[in-house]
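Since the structure comes first, as structure tokens, the remarks are kept for the end.
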Amino acid sequence: MYPTSLPSFEYRLAELGRSFLVPLDMPVDWAEVSHRRVREARRLYDDVEGSGPA
């Protein structure tokens, strides 16, 4: 806690929390690489199903 007019705090992940960032990066990386393909698949599905954006 820092002595300011309003109390302010600084938060950090503990070692255990930081260790979770490694497996968490895997789906994030997949999403970044696959985003275009996912959007295209959704568009194709919507075209076939006739349920495009309203």
Side-chain angles (χ1 to χ4, degrees):
M1 189 165 125
Y2 299 103
T4 58
S5 58
L6 294 174
S8 63
F9 298 86
E10 183 176 302
Y11 294 94
R12 274 182 262 184
L13 286 174
E15 180 64 30
L16 183 59
R18 284 192 305 273
S19 72
F20 184 62
L21 295 177
V22 174
L24 188 62
D25 276 342
M26 294 168 70
V28 170
D29 291 343
W30 177 88
E32 288 175 349
V33 168
S34 303
H35 182 75
R36 182 188 57 77
R37 291 176 56 204
V38 169
R39 288 182 56 93
E40 178 64 14
R42 291 169 98 185
R43 188 191 63 76
L44 290 171
Y45 176 83
D46 287 345
D47 288 349
V48 169
E49 293 298 313
S51 59

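Keep in mind that the numbers below use all heavy atoms, side chains included, and drop hydrogens, waters and symmetry copies.
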Would one find more than 12 heavy atoms of other residues, nucleotides or ligands at under 6.0 Å from atom CZ of Arg18? yes

Verify the cluster assignment for Phe20 and Val22: are they in a single hydrophobic cluster under the rule of side-chain heavy atoms below 4.5 Å apart? no

Are there over 12 heavy-atom neighbours, none belonging to Leu44, within less than 6.0 Å of that residue's CG? yes

Side chain to side chain, Glu40 and Arg43, heavy atoms closer than 4.5 Å: yes

Show the nearest heavy-atom pair for residues Leu24 and Val28, with the distance to one decimal. O-CG2, 3.4 Å

